[in-house]
Amino acid sequence: MPLNTEPYTGWGRVLTGTGGRLRPEKTAGLKHIDLGPAVGALRSYGDAALNEKPSVDMTRLDRMLAFDAETGVLEAEAGVPLTTLLDTFGPRGWMPAVVPGTGYATLGGAIAADVHGKNHHAAGSFGQHVLSVRLIGADGVAREVSETAEPDVFRATLGGMGLTGIIESARIQMMACPSMLVDVHERRMPNLAAYMEAFEDSTATFSVGWIDATGTGAKLGRGILEEAEFATRETPFWKPRKPPKPVPFNAPGFALAAPVVRTFNQLYYSRISTTGRKPTKPIAAFFHPLDGLIGWNKLYGKRGFHQFQCVLPTESAALTLDAMLREIGQSGLAAPLAVLKKMGPGRAGPLSFPMAGYTLAVDFTNRPGAAPLVNRLIAQTVDAGGRIYLAKDSLAEAQQMAAMYPELEGFRATLRALDPAGLFETDLARRLNIRGMQ
Amino acid sequence: MNETWIILGASSAMARAFARDMATQGDALLLCGRDTADLERDAADMALRGAAPARVFAFDTRDPESFMPILEAGRASKGVLNVAVFAGSMPEQADIDADPSLVAGVVTDNFTAAAAFLMAIAPEMEARGAGVVVGIGSVAGDRGRLGNYVYGAAKAGFHTFLSGFRNRMGRSGVQVLTVKPGFVDTSMTWGLEGMFLVASPSDVAADIRRAIKKRRNVIYTPWFWIGIMTIIRTIPERIFKKLQI
C-alpha cells in the first residue's frame, strides 16, 4: 500500500505531521500494513493526529454496518463522519447522543477524543454512549472491547487519543431525534457574572455561549447565550442542507487584527436585541454552525492558529475566568471565535477532558505573543485544578499533563501492557510524555 | 420510480460515492467486484442509506464466467435497468515496460471486459427502451503519454467503444455517458508524485449525477480538464513526442 508522504497538519495548521499516511480503502487493507496510529478527519487542532512515523488514515473505512430501529443501536466503521449519521438517521428519529462542534469529525475521532457537545451537562460525553469498540491492537489483530470484555482497555480507548490501538468500528447507542429543527433562544449576557448565573439557572437541553474575548472593564465576559430545545411542532418541510461553500484562500494577516475583531464582536453582540430573539434552526446549523464554510481555518491565514480550551472546576471558575478574560482582553490577540459553556461531570475514560465546571475556548491567530499567552493561560488552568483539552492543545508541557490528568498513571500502565513498543504513539503523546517512557 | 443499478468495480472510491448517491435515491444496487466480503459491508451501508435492496456479486474482469449471475440478476430486475462501469486497473508503466505480458490484463480490465459485459446486457436494455450506461474512461485515454500509454490506450479503446455503443443504444432510448475523470483522490492516485487539482470521489459522483440528468454524452470531471486536454491534444506530434508530461 502506497504511503502518501505529503506533510499534513491538524485543524490549527501550526504543527506538521511528517511521517506520511497510509490509507486503506477496504477492511482487508488494515491487515497488510505496518501499524501506526489511526487518524480521521484531522479535526483535532494540535498534534493529536500527527506523527513522525506513518499513520493510518481511516477516512475511507466509513461504512455504516448495522442499525436497530427499535433500540437505536448503530454499528459503523471508524471513518464515518458524524454528519452522515445525523443526515441518515435524523429524519428517521435517531441521532448520535453527543455531537461536537463539527459534524466532519469521524466516529473514531469522536471516541478517541471523548468529545462533548451542547448537551454535555445532561447527556455526558460521546464515550458514555459507546457500547463496544472493535480495536486493532499492537499484534495487528482486531478484537471487541466493552464494559464486559477487557473493560480497562475499553475505558482507556474512550478519550485515549488513539494510543490504545486502531479503532476499526464501534457500536453506539443513539438518542431519539424528535425533530430536525430546534427552537433556539438567544440572549445577551452583559458580563461574566450574569453569564454564569444564566448558565446556573438554565434548564435547556442544549446550551452554549459565544463570548466576546476582547471585552474589558464593564464588558468583561459579555456574550450571547444560546439555549435550545427540539422543535415540538411538526417539521414542516425538512430538506438537506445547502452544500457547504469553501474558503477559497488564506486570509491576509490584517483580517484578524485587534481593531477588526473588536468591531466585529461589537456588531455580533449588538445583532441580538436587548430582549433576545427566538429563531428556529435546522439541527445541523445549530450543532455545526461553521460546517457551512469548508476550510474555515484558512481565515486565520497560512500561519495557522492556536485554540486554547480549558475546563475549570465550578467552585473557582468565576475567579479564574475573570483573570483569564482580563489577560486575553488586554492582549488584543483574541479572534472572534470564543465559547463559554457549563459542563456536567460526564466523562468516559481516564484521559477524558470533561469535568463539572465551566469550559472556555478561545482562538488565537499564530502571531507573536500568542503562544506565550496560551502558555500563561495553561499555567492558570493547572493552578486552578482544571485541565486542557488534548484534542485542541499544541503547547502544554509534559509536567503539566500529570497535574491535569490524575488518572494518567493508570492509563500508562494499561498502555505498557497493550503497546510496549509504542506503535501507536503520536506527536502529542511524545510532547506530553503520555506513555511515561522518557 | 426506483431503478436498478449494476455497478461493476463497486469497491473503487468513485463507485462507492456514486452508489451511495443512488442508494439515497432508493435505487436497487448490484454491487459487483472481487472482494465480496468487503462489498458486503458496502451493501449494509447502502441499505441503511436507503438502497432497496443492495446485493453483492463476485465480479472479475479476467473471468467471463463471473459475468453470468450478474447478467441474470440484471435481466430479472424490474423497471429501468442501468449499468455503471468503474472497474479498471493501472499498473506502473515501468512495470509493463519490464513485463509486456501485463498488457493483455490492462486491456481486459479497462476495456474488453466491460465491452463484453455491456454487449451482453445490451439487448435487455434495448428491449426495455430506457436506462443509462455510465462508462468511466480517463483523460489518459485522450492522448498516449510516456507515463502511462498502455493504460491510456486501453481507456482510448473503451472511449471509442462507448462512442459506437452510444450510437447503437441511443436508438432505443438508452443514454450512454462517457466520463473522463482527471486526477481523483482514490487508491490509484494516493501518494503519487505530481498530483494537482485532485477532485474528491463525491465531486465526481455529483458530476455524473448531473450529466445523467442532462442526458449528456461525454463529460470531463472536474470540468476544467476539457481545457487541459484540449491543449494537450492540439500539441503537434513532432513536439509532443519529445515532451515528458
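Owing to the predicted nature of the structure, the values given are computational and were not obtained by experimental measurement.
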Chemist: Between A:Arg21 and chain B, which part of the residue has a heavy atom less than 4.5 Å away: side chain, backbone, both or neither?
Modeler: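 The answer is both parts of A:Arg21.
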Chemist: Distance check, rounded to the nearest 0.5 Å: A:Glu25 atom CD versus B:Asp38 atom CG?
Modeler: 10.0 Å
Chemist: Closest approach of A:Arg92 and B:Gly50, non-hydrogen atoms and distance?
Modeler: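 Scanning both residues, the minimum pair turns out to be NH2-N, 4.3 Å.
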Chemist: With a 4.5 Å heavy-atom cut-off (strictly below), which parts of residues 56-65 of chain A touch chain B? List them by number.
Modeler: A:Asp57, A:Arg60, A:Asp62, A:Arg63, A:Met64, A:Leu65
Chemist: Can you establish whether the number of heavy atoms outside B:Arg34 located under 6.0 Å from its atom CZ is more than 12?
Modeler: no
Chemist: Is any side-chain heavy atom of A:Arg23 closer than 4.5 Å to a side-chain heavy atom of B:Asp185?
Modeler: yes
Chemist: If you compare all heavy atoms of A:Thr88 against all heavy atoms of B:Arg49, which two are closest, and at what distance to 0.1 Å?
Modeler: CG2-CA, 4.4 Å
Chemist: Side chain, backbone, both or neither: which part of A:Ala76 has an atom under 4.5 Å from a heavy atom of chain B?
Modeler: neither
Chemist: Most heavy-atom pairs under 4.5 angstrom with chain A, which of B:Leu39, B:Asp35, B:Leu192?
Modeler: B:Asp35
Chemist: Give a yes or no on this: more than 12 heavy atoms of other residues, nucleotides or ligands lie within 6.0 Å of atom CG of A:Asp34.
Modeler: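 No, because the 6.0 Å sphere around CG of A:Asp34 holds 12 heavy atoms or fewer from other groups.
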Chemist: Provide the closest heavy-atom pair for B:Leu48 versus A:Phe67 in the form atom of the first, atom of the second, distance.
Modeler: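 Nearest heavy atoms, B:Leu48 then A:Phe67: CD2-CB, 3.6 Å.
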Chemist: Could you state the interatomic distance from CE (B:Met195) to CD (A:Glu6), rounded to the nearest 0.5 Å?
Modeler: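 Rounded to the nearest 0.5 Å, the CE-CD separation comes to 11.5 Å.
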